[in-house]
There are 2 protein chains.
Amino acid sequence: MTDAEYVNIWMRPERPARGPKPVYSRAQITEAAVRIADAEGLEAATMRRIAAEIGAGAMSLYRYVPSRDNLVELMADRLMGEIDVTGMPSGDWRADLTRYADGLRAMWLRHPWIATVQRSLPSFGPNQLLLIERLMGVLDAFVSIDENLGLVALLTSYIEGTVREETSSAEEVRRSGLSESEWMARSYPYVDQLVKSGEYPIFTKIVMEARQPHLSRDDQFRYGLRRVLDCIAAALPPTAE
Amino acid sequence: MTDAEYVNIWMRPERPARGPKPVYSRAQITEAAVRIADAEGLEAATMRRIAAEIGAGAMSLYRYVPSRDNLVELMADRLMGEIDVTGMPSGDWRADLTRYADGLRAMWLRHPWIATVQRSLPSFGPNQLLLIERLMGVLDAFVSIDENLGLVALLTSYIEGTVREETSSAEEVRRSGLSESEWMARSYPYVDQLVKSGEYPIFTKIVMEARQPHLSRDDQFRYGLRRVLDCIAAALPPTAE
DNA sequence: AGATAACCGCGTACAACGTACCCAGTGGAG
DNA sequence: CTCCACTGGGTACGTTGTACGCGGTTATCT
């Protein structure tokens, strides 16, 4: 079986049997790539840039990783490892799911570039697998596996959807290369024109509302999360609480 | 004001005052790009490829669109236009939101590449604006604008989250260039190894369950949607029904 | 009517990307 | 010791987005 015949990175052995000791490692490369993506966006994490970060030649990375796409999969799984799900299920499903929600959101806020990579089903890295076991273990005693999948998907969708909205404008500012105030000044005329046209009353209400003092992002998230958890509670048998 | 100073495509006028008549149009270019992306994925919609599709030179496109990123924004807004929200609010909020949900999901299934483009707040294209007005008009009479934003976000997150899951493995197959059966055969050893290890009982349950006959995707979606709508109903005042 | 300036389509060119290929050197297995 | 599977990495190729400039076209101004 040649390297090209692997369809999944996780099956490919990292260390060879013979030959000189490798100087670098998958973990080290992944770490460097994540560091660059955090600071300058995923598109800045090019093979040459990552190699330079760890002091290697560009082509050396391909001894450890079959392609850039696969490296991004490694990066995504590394991020999953940041979500603390130890001790789940604890017996208090609400507390467990809240901890997961906070952890997932915090991870996304640390690594907003994760929004641009779509994970696919077959890419079950070790960290993602562990997350699935622990997280779905929380409701496993109460509902069928199908129901469990649906409820976890609902929760995760809520978290990812809201955090996507939270980070998107910040990412846009970063990608444009403009300062935030300058970017706001550039965007203003368009929004102002829409508001003044009078054709978009609800959009206008949103804009006006956005200018008022609000709950913090955290509180807003918690508020919505409580609603989702209530929704989940309604799907559980009465024995669950 | 030079072209470079526009921060938003929607402010840039399409037609000039003087000079020869343009042969092409933004709409035509966007249409061609969407057609290519549907058939071969967003990454296949390169500037040269799009230009070839409409019989133009590669650089001609830049007379109509400032950059490829902006063209993708145009494409995304064109897709928003496919969601039928005419006649909303109709007075029956459940029916309205169900129609929106079905429309959004169907659009994503037609254009799965939309998952890879992250929309940002400032990019309010005409179709997106219209969608916001109609969709948020549905609950506008019952709740505050903040509450409305939260509920619509919850609904949209559910739809996009589930449809993302639906399309991700199909997209993976397409990107790999393998046939579906060949791809399944390649993936099998890894999943099998995980199952046989005995370390992932819940993952194993998921895999076993997936081999059994199921509700259709549509029915599964409708089932989850009903749960989300019930959750929304709980947040509305009693006068809403 | 003629001059002007703003626009048109598009060919050429360049930098940056992922990565195929090749090389000389290295160290465990026989 | 010999062998060869492996190492890091240099060179090179195809593809990408797009800056620039050309010669032709047309609405506006003198």
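Below, each value reflects all heavy atoms present in this structure, side chains not excepted, and no hydrogens, waters or symmetry copies. Letters A, B, ... are given to chains in the order of the sequence lines, protein chains preceding strands, and every chain is numbered from 1.
One finds a salt bridge joining B:Glu53 and B:Arg49 here, because a Lys/Arg side-chain nitrogen approaches an Asp/Glu carboxylate oxygen to under 4.0 Å. Classification of A:Arg99 and A:Asp84 as a salt-bridged pair holds, one side-chain N sitting under 4.0 Å from a carboxylate O. B:Arg186 has no carboxylate O lying under 4.0 Å from a charged side-chain N of B:Glu180, or vice versa, which leaves the two without a salt bridge.
Remark: nothing in residues 25-36 of chain A comes within less than 4.0 Å of DNA chain C through any heavy atom.
Counting any heavy atom pair closer than 4.0 Å across all strands shown, A:Ser60 reaches a base atom. Residue A:Ala56 is classed as a sugar-phosphate contact, given heavy-atom separations below 4.0 Å to backbone atoms only.
Within the structure, the side-chain hydrogen bond (donor to acceptor under 3.5 Å, both in side chains) test picks out the following pairs touching residues 154-163 of chain B (sequence neighbours left out): B:Tyr100-B:Thr156.
Taking atom CE of residue B:Met59 and atom P of nucleotide C:dG11, one finds them 11 Å apart after rounding to whole Å. Put simply, CD on A:Glu40 is 14 Å from P on C:dA16, counting in whole angstrom units.
The nucleotide whose nearest atom lies closest to any side-chain atom of B:Met47 is, among C:dG18, D:dG8, D:dG17, D:dG17. For B:Arg48, the side-chain atoms get nearest to D:dT16 when compared with the rest of C:dC17, D:dT26, D:dT16. Considering only side-chain atoms of B:Arg18, the nucleotide from D:dG9, D:dA27, C:dT19 that sits closest is D:dA27. Side-chain proximity of B:Arg68 to C:dC10, D:dG17, D:dG8: nearest is D:dG17. Ranking C:dC22, C:dT19, D:dT18 by closeness to the A:Arg63 side chain, first place goes to C:dC22. The nucleotide whose nearest atom lies closest to any side-chain atom of B:Thr46 is, among D:dG17, C:dG28, C:dC7, D:dG17.
The salt bridge (charged side-chain N to carboxylate O under 4.0 Å, His left out) check on A:Arg175 picks up B:Asp69, with sequence neighbours excluded.
Within the 3.5 Å criterion, the main-chain N or O of B:Met80 finds no donor-acceptor partner in the side chain of B:Asn127.
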